[in-house]
Amino acid sequence: MQPKKHYFAHIPTIAIFIVFAMSAPLGVLLFILKSIDKNAEKEETAAAQAQADYRSDLGPALAQTAPRQETEPTYGHDVPTKEQKDAKERHKLLTTLCTIGGAVFLFAGFSTLFMDGADSMMEAFTAIAQMLGGGAALLTGLRMDRTRKLERLLDKIAGDRDNIPLDELFAAAGIDAAKGRTVVESAISHGYFGADAYIDNRTNTLVVRGAAPQPPRKPKPAPAPEPAPADQYTAILQQLRQVNDAIPDPVMTTKISRLEAVSARIFELAKQDPGKKAQLQKFMDYYLPTALKLLNTYASLPAQDVQGENIADVKKNIERSMDLLVTAFENQLDKLFQSDALDVSADVAALEGMLNMDGLTGNEFTK
C-alpha cells in the first residue's frame, strides 16, 4: 500500500509567515492545516514502525509473505473497516477546520469592521461576509464536535454487549430518539461499534455483533368459543322437524308431528329421570334412526324425475309403516311409566294393608 502524501506537513514555516503577512486568516488556516497534517504523518509513521517490528518477529519466511496481506485486509466484528476509519478521520478533520477556521474568519471580520474600521463599503461588505461565513462555520464545527462526543459516549454505553435496545441507549445518553438515531447512524458509519454494526428496525435495536434478537411474538388470539353442541335429544327433534317440513303430504305431516310430540315427551322423562335411559337404548339405537332414514327417503322421492312402480311401492310401504311407528313410540312412552305403575300399586297395597290392620276401613265409619 502506497503511503499517503502529506503536502501541508512539509510547507516551510517561513512561507506561512509570508502568507500571514499578506492575509492573516489565510496564514492561520495554513498553520492549522500543517499541524493537523503533520500529526497525521507522525501517526502513520508510528503505525508503520509497529507493523515492521511485528513482521521482524515473524521470521524471514513469514515476513516475506506479510506484504501480500496488506492488499487483503481482514476485519473482525469489533474492528472498523478502512472506509469507516477514513470517514471518521474526515469527520474529525472537517470538525477541526470548521471550528478553528470559523473562529478565525469571525474574528477577522469582527476586527476589520469594529476594531480597525472599514475604509470602504466593499471592505465593510467583505468583513460582514467573513463574520457570517465564519460564524456559520464555527457553529457547524461545534455541532459536529458535539456529535463526535455523543458517538464516543454511545460507544462506551454499548460496551461489550452484542446488542442493545435504542430506547435504552438513548435514555442512558440523555438524548431524544430522533436525534439519537441520527447520531447512532453516524457512529456506525464512523466504525465506533465495529464493521458489522447495524440498526434492526424490527426490534428497534442496535446490533453490534451476531444475530439480531427475535422480535416478541404476538400472542395468538384465543379461539372463539365453540357453540355448545345440542344434546342428542334436541338434535333428533330438529331432524324430525326438518324432514316434516320437507314432506308436503298432510297425512304424513300429521303422523310425523305425532312422532315428534311423543319423542319430545320421552326425552323429557329421560332428562328428569336418568334411570330411565337404560329402557331407551333400543329405542335410541334402532327405532329412531330407522324412522328418520325412512322419512328422509320419503322426502327425497318427489325429486326423482321418474315416478315408476318401484317408487310408488316405496312410498306406500313407508306410509303404512308410519302407523306402526306411531304406535311403537306411544307404547315406548307408556313403558316408561311401567316402573312408576308398579311403585304406585305397591304403595296402594301397602296403604290398604295398614288401614285394614288399624281397623280404619270398617263399617264403623259409616254408622
> What closest approach, in Å, do Ser189 and Ala87 show between heavy atoms, and which atom pair accounts for it?
Replying inline: O-CB, 3.9 Å
> Which pair of non-hydrogen atoms, one from Ala195 and one from Gln84, has the smallest distance, and what is that distance?
Replying inline: CA-OE1, 3.7 Å
Treating Ile, Leu, Val, Met, Phe, Trp and Tyr as nodes and any side-chain heavy-atom pair under 4.5 angstrom as an edge, say whether [X] and [Y] lie in one connected cluster.
| X | Y | value |
| --- | --- | --- |
| Leu169 | Val183 | yes |
| Ile100 | Leu97 | yes |
| Phe107 | Leu142 | no |
| Leu139 | Leu150 | no |
| Leu206 | Leu153 | yes |

> With sequence neighbours left out, which residue pairs that include part of residues 320-333 fulfil the side chain to side chain donor-acceptor pair (under 3.5 Å) condition?
Replying inline: Lys255-Asp323, Arg258-Glu330, Asn317-Arg320
> So which pairs with a foot in residues 285-294 pass side chain to side chain donor-acceptor pair (under 3.5 Å), sequence neighbours left out?
Replying inline: none
> Which residues, ordered by chain and number, are linked to Met144 in its hydrophobic cluster, where ILVMFWY side chains connect at heavy-atom gaps below 4.5 Å, directly or through other members?
Replying inline: Leu94
Could I get the full list of side-chain contact (heavy atoms from CB on, under 4.5 Å) partners for [X], not counting sequence neighbours?
| X | value |
| --- | --- |
| Lys156 | none |
| Asp160 | none |
| Glu168 | Arg161, Ile164, Pro165 |
| Asp249 | Ile247, Val251, Met252, Tyr298 |

> Counting only heavy atoms not in Lys149, do more than 12 sit closer than 6.0 Å to its NZ atom?
Replying inline: no
Can you list every ring pair (Phe, Tyr, Trp, His ring centres under 6.0 Å) pair that touches [range], not counting sequence neighbours?
| range | value |
| --- | --- |
| residues 196-219 | none |
| residues 151-190 | His91-His190 |
| residues 240-275 | Tyr233-Phe267 |

> Would a 4.5 Å heavy-atom cut-off, applied to side chains only, mark Thr147 and Thr95 as touching?
Replying inline: no
>> One pair to check against salt bridge (charged side-chain N to carboxylate O under 4.0 Å, His left out): Glu268 and Arg265. What are the steps and the verdict?
In response: CA-CA 5 Å; Glu268 183 179 353; Arg265 180 59 181 151; 3.6 Å; yes
> Quick one: ring pair (Phe, Tyr, Trp, His ring centres under 6.0 Å) partners of Phe283, sequence neighbours excluded?
Replying inline: Phe329
> Can you pull the salt bridge (Lys or Arg N to Asp or Glu O under 4.0 Å) pairs that have at least one residue in residues 172-185, sequence neighbours excluded?
Replying inline: Arg181-Glu185
